[in-house]
Amino acid sequence: MFAIYNIEGRRFRDNLEKLKKVHSPHKNQQADFHQNIAQDETVIIQGTATEKINSQGIDAYRKMLHANERTQIFHAYQVMNHPVTTLPPETPIQEAYHLFKTHQVNQMPVSTHQMQLIGLVTIRDLLAYIIEDGDQISFVKNKTVQDAMSSEVITADPISDVRRIASVMLDYDVTAVPIVNQQDHLVGIVTRSDLLKAMLNDPPLSLWS
């Protein structure tokens, strides 16, 4: 299951195919991952009344993909980074920049103090507010993370198939997908680096099959 969050909260939550109808991918991106799926894998695997995985749901999802019993199904919660370091929207740009350097990350979710996701900011976003003069670096004054962040963020459920998350990254040219549960709480983040590490650590995982 995928969702879209902005500063006012969640504005969409449904399967990947419906996401592409309400929020069109970049025209240059042509990734196509099982476009004929009628239901989202979250609903198939765990149903609508629970957040627990069950073996019958996994088997049903494999059959939907026409995959054999040995096909590894990896979920977001298995590869995501958690707990997540987030930034309040009122964080000054200079402070945010130093936090990026301290944590050695390229993106951070922006959230309320209740861990409600409202945006995502990348190091590239911050660089637009940094002035370099030789070896000297200064920051545009009176600007905060809210000025720099992406105002709409695509997220995935903890149970989402990492291959579909990879599809979202390609289609929408994003480097990270925050993971948000059914209660709208931010519980993790999956980056491109996380997917590459998963492929290296678990050779049976094929993102593109």
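All residue numbers in this chain count up from 1 along the given sequence.
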Transitively linked via ILVMFWY side-chain contacts under 4.5 Å: [X] with [Y]?
X: V84; Y: V145; answer: no
X: L117; Y: V22; answer: no
X: L16; Y: M80; answer: yes
X: V79; Y: Y77; answer: yes
X: I179; Y: L195; answer: yes

Minimum-distance pair of heavy atoms, taken over all atoms of V177 and A156:
CG1-N, 3.7 Å
Minimal non-hydrogen separation, A76 against I165, with atom names:
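Closest heavy-atom pair between A76 and I165: CB-CD1, 3.6 Å.
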Just wondering, do [Y] and [X] contact through their side chains at under 4.5 Å, heavy atoms?
X: V121; Y: L87; value: yes
X: H75; Y: P158; value: no
X: V190; Y: M169; value: yes
X: V153; Y: P178; value: yes
X: S193; Y: L196; value: no

Going by ring-ring contact (aromatic ring centres under 6.0 Å, His included), name the residues that satisfy it together with H23, two or more places apart in sequence or in a different chain.
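Only Y172 meet the ring-ring contact (aromatic ring centres under 6.0 Å, His included) criterion with H23.
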Working to the nearest 0.5 angstrom, can you tell me the gap between S151 OG and L120 CG?
11.0 Å
Nearest-0.5 Å distance, OG1 of residue T144 to CD of residue E90:
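Those atoms lie 8.0 Å apart.
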Under 3.5 Å, sequence neighbours excluded: what are the donor-acceptor pairs made by side chains of residues 123-130?
unit_1: D125; atom_1: OD2; unit_2: T122; atom_2: N; d: 2.9
unit_1: D125; atom_1: OD2; unit_2: T122; atom_2: OG1; d: 3.1
unit_1: Y129; atom_1: OH; unit_2: D147; atom_2: O; d: 3.0

Please check if the side chain of D171 supplies one atom and the backbone of V168 the other of a donor-acceptor pair under 3.5 Å.
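Checked: no pair found.
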Judged by atom type as modelled, is there a donor-acceptor pair below 3.5 Å linking the side chain of D157 to the main-chain atoms of I159?
no
Could you go through residues 94-114 and list every donor-acceptor pair under 3.5 Å that involves a side-chain atom there, pairing it with any protein atom two or more places apart or in another chain?
unit_1: T102; atom_1: OG1; unit_2: H98; atom_2: O; d: 2.9
unit_1: Q107; atom_1: OE1; unit_2: T175; atom_2: OG1; d: 2.8
unit_1: S111; atom_1: OG; unit_2: T86; atom_2: OG1; d: 3.1
unit_1: T112; atom_1: OG1; unit_2: Q114; atom_2: N; d: 3.3
unit_1: T112; atom_1: OG1; unit_2: Q116; atom_2: N; d: 3.2

Review item, side-chain donor-acceptor pairs of residues 1-12, under 3.5 Å, at least two apart:
unit_1: Y5; atom_1: OH; unit_2: D184; atom_2: OD1; d: 2.5
unit_1: N6; atom_1: OD1; unit_2: E8; atom_2: N; d: 2.9
unit_1: N6; atom_1: OD1; unit_2: G9; atom_2: N; d: 3.4
unit_1: R10; atom_1: NE; unit_2: D184; atom_2: OD1; d: 2.8
unit_1: R10; atom_1: NH2; unit_2: D184; atom_2: OD1; d: 3.3
unit_1: R10; atom_1: NH2; unit_2: D184; atom_2: OD2; d: 3.3
unit_1: R11; atom_1: NE; unit_2: E152; atom_2: OE2; d: 2.5
unit_1: R11; atom_1: NH2; unit_2: E152; atom_2: OE1; d: 3.2

